Amino acid sequence: FIHHELDAIPIVGHSGLLSYWTALQVIFTGGGPALIQQGYQQYPEGCFRIARLGHWLVIVSGPKHVKEFGDAPEHVLSFRGGIENTLAVSQVVGRTIAENTYHSTTIRGSLTKNLQASFDGVKEEVEAAFDDILDLPDTEWKTLKMLDSITAVVARVSNRVFVGLPLCRDQTYLDNSIQFAIDVIVSGQIIGFFPHSIRPLISRFVTSRNKSISTALKVLGPVIEERLAKADELGADWEGKPNDFISWLLEDAIGEERTVHNLVLRVLSTNFAALHTTSMMFTHAIFDLMTRPELMQPFREEAERVVAEEDWTKNTVNNMVKIDSFLRETQRLRTMAPIAMLRKVVSKDGFRFSDGKFLPEGTFTCIAAHSMHYDPSFRDNAAEFDAFRFVREREAFEAARNPGGQDMFKRQMISTTADHLPWGIGKHACPGRFFATMELKTMLAHVVTHYDIEPEVPGMRPNDNVFGLSTTPNMWAKVRFRKRAVPKL
Ligand code: HEM
């Protein structure tokens, strides 16, 4: 905890020996979000630090700092360094994944370019997955554990594009992909408590990841083996090649990445990044919708109108502006953590903001995203859930005679701005956000047109779960679903 170069940065919580007490409180008592909010109120445009076990975490706020933070290159502010410290990726998943993130390029490039082409599969899988997983044969109410049900739907829909049919409906494959992420987080955090020098030793005892990797090798391995064999035999563009994420990965994979083992790890890692993030976000959206029943009708009307105009296409989903605004508002208020964009300063010259604030090499740092989202200086009634906030902002841009201009995009779900950080911003902004947005909007349009929903306890939004510095929608909460008598779409 002694790091004199950080002396200029104020401490929130205890300092000295008692800083361990603060660090333990953050881990075990759920006090992290309140501590960060307290720091933010004291230093809204600046930075402060809180104690974590064994190091300080410098928390930065204000759009100007955020912009400079997001633009900093990897060799100065390292995304990988941040993740490695919390999840020990190189030990838990493997060195190749930690050192080479080419799958992010495939996600940002090929997956995004193929959204239109993937749409029919996504739509079909949304329908089939909700049918199978909610399992509502008639129009009676059924009470469902929401996060589990939604995770099961998201796993199927995402994997329709990642690995295609029939594997995207294979229960062993799906359960394993969901479990892999949980294994990584749990074992990564255990290993992360130990100093780097003994992590390889500790990781031998934290073996669950080996189990999920070997299961994935059994179920997904043969599919990848066949694709590699076809590419070797018939060339990269063989006739009948499926248009899915495995094929796109193979187009980008070179050298040691073209082995079954390493490609299986890439698909697992993509699932890791995609499944729980999307499921938690959609569960939050369901909680927000069920406690605001007045939103059902406008959403139904919008979905029915745009589909009537041009049937179901990716473009139809783009035109659902109310649903887009609602989901963006859910994301704004229900961040996955009080902080975002964890980084490690890896340049030996440290990192200096333009106003002179300095972070030395080795510092862990992040943004007070949640507090910024709730800050009334960035938006009116910031603490209030306003489903149509971004519809109005889009209309205001149109009225300002800038239709289709850059500003229009700034209020859409996919866009990142320095005061709206659910996807991060800058160099590492989520590359899967275009896919996630299409998936989430299609799912929500499907839910509102096919079901009625109600909270298990009338009017009550379940409280979030807080674990250290992460928050999730309530994992145990249940929601009542009923098939609409006459589904319109
Ligand atoms: C609602 C769903 C999602 C949310 C809220 C979300 C959020 C984020 C955030 C906050 C980051 C980190 C930004 C940073 O630290 O600067 C990130 C990174 C990432 N996300 Fe997402 N994500 C979602 C869905 C997805 C999906 C569907 C995929 C894959 C198809 C994906 C792939 C990734 C990858 C690979 C990275 C690392 C980027 C890099 O290496 O630079 N995400 N995401």
Side-chain angles (χ1 to χ4, degrees), residues 60 66-67 69-74 77-87 89 93 97-115 118 122 150-151 154-155 157-163 177 181 244-245 248-249 252 265-285 324 327-328 330-344 364-367 369-370 373 413-414 416 418 420-444 470-473:
V60 178
V66 169
K67 181 100 193 24
F69 200 101
D71 289 343
E74 177 68 20
L77 279 189
S78 171
F79 171 80
R80 263 178 269 159
I83 295 208
E84 190 58 35
N85 189 53
T86 40
L87 293 179
V89 179
V93 188
I97 296 286
E99 289 173 6
N100 177 351
T101 52
Y102 82 92
H103 63 290
S104 292
T105 312
T106 309
I107 294 168
R108 190 177 296 111
S110 302
L111 175 65
T112 308
K113 264 190 245 135
N114 279 290
L115 288 183
S118 310
V122 166
I150 296 303
T151 306
V154 167
V157 176
S158 309
N159 277 287
R160 176 71 183 251
V161 180
F162 297 167
V163 301
S177 304
D244 62 15
F245 191 69
W248 307 325
L249 268 182
D252 293 345
L265 279 189
R266 289 293 154 186
V267 176
L268 277 177
S269 303
T270 303
N271 270 288
F272 173 76
L275 298 194
H276 294 277
T277 43
T278 308
S279 312
M280 290 198 287
M281 151 97 237
F282 197 75
T283 303
H284 273 308
D324 192 285
L327 288 170
R328 186 171 167 86
T330 287
Q331 277 197 302
R332 180 179 75 82
L333 291 171
R334 325 291 178 205
T335 50
M336 293 188 289
I339 55 162
M341 300 170 71
L342 179 65
R343 301 287 185 268
K344 183 178 184 184
F364 289 98
T365 179
C366 61
I367 305 288
H370 182 88
H373 289 182
M413 199 182 156
I414 46 166
T416 62
H420 184 91
L421 300 162
W423 309 111
I425 192 169
K427 297 206 166 2
H428 293 282
C430 177
R433 66 189 187 278
F434 307 94
F435 174 71
T437 296
M438 179 178 95
E439 186 181 22
L440 286 159
K441 290 177 74 177
T442 308
M443 284 169 61
L444 193 66
S470 69
T471 42
T472 67

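In listed order, ligands and their atoms are each counted from 1. Note that this is a predicted model, so its numbers are computed, not measured.
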Next item on the list: Run down the list A273, A369, P431, C430 and name the one with the heavy atom closest to atom 36 (C) of ligand 1.
Entry: P431
Check: Nearest heavy atom to atom 1 (C) of ligand 1: which of F282, F272, W423, F162 does it belong to?
Finding: W423
Next item on the list: Quick one: do H370 and T335 satisfy side chain to side chain donor-acceptor pair (under 3.5 Å)? Show the steps, please.
Entry: CA-CA 6 Å; H370 182 88; T335 50; 2.9 Å; yes
Next item on the list: Might you work through the side-chain contact (heavy atoms from CB on, under 4.5 Å) test for K441 and D324, ending with a clear yes or no?
Entry: CA-CA 7 Å; K441 290 177 74 177; D324 192 285; 3.0 Å; yes
Any idea which part of [X] is under 4.0 Å from ligand 1, heavy-atom wise: side chain, backbone, both or neither?
X: L111; result: side chain
X: F79; result: side chain
X: T278; result: both
X: M281; result: side chain

Side chain proximity check, [X] to [Y], heavy atoms < 4.5 angstrom:
X: N271; Y: F245; answer: no
X: Y102; Y: R266; answer: yes
X: K67; Y: I425; answer: no

Any idea which atoms of ligand 1 are less than 4.0 Å away from a heavy-atom of [X]?
X: R343; result: 14 (C), 15 (O), 16 (O)
X: P422; result: 5 (C), 7 (C), 10 (C)
X: M341; result: 14 (C), 15 (O), 16 (O)

Please state which protein non-hydrogen atom is closest to [atom] and give its distance, to 0.1 Å?
atom: atom 23 (C) of ligand 1; result: T277 OG1, 3.5 Å
atom: atom 27 (C) of ligand 1; result: A274 CB, 3.4 Å
atom: atom 28 (C) of ligand 1; result: G432 CA, 3.6 Å

Checklist line | Basic-acidic side-chain contact under 4.0 Å: E74, R80 | finding: yes
Note to self: With respect to H428, determine whether any N or O atom, backbone or side chain, lies less than 3.5 Å from an N or O atom of ligand 1.
What the structure shows: yes
Note to self: Between ligand 1 and S104, is the shortest N or O to N or O distance under 3.5 Å?
What the structure shows: yes
Checklist line | Aromatic plane relationship, H420 with H373 - under 30° parallel, 30 to 60° tilted, over 60° perpendicular | finding: parallel
Check: Do any N or O atoms from the side chain of R433 and from the backbone of I414 form a donor-acceptor pair under 3.5 angstrom?
Finding: yes
Check: side-chain contact (heavy atoms from CB on, under 4.5 Å) between F79 and T101: does it pass, once the steps are laid out?
Finding: CA-CA 11 Å; F79 171 80; T101 52; 5.8 Å; no
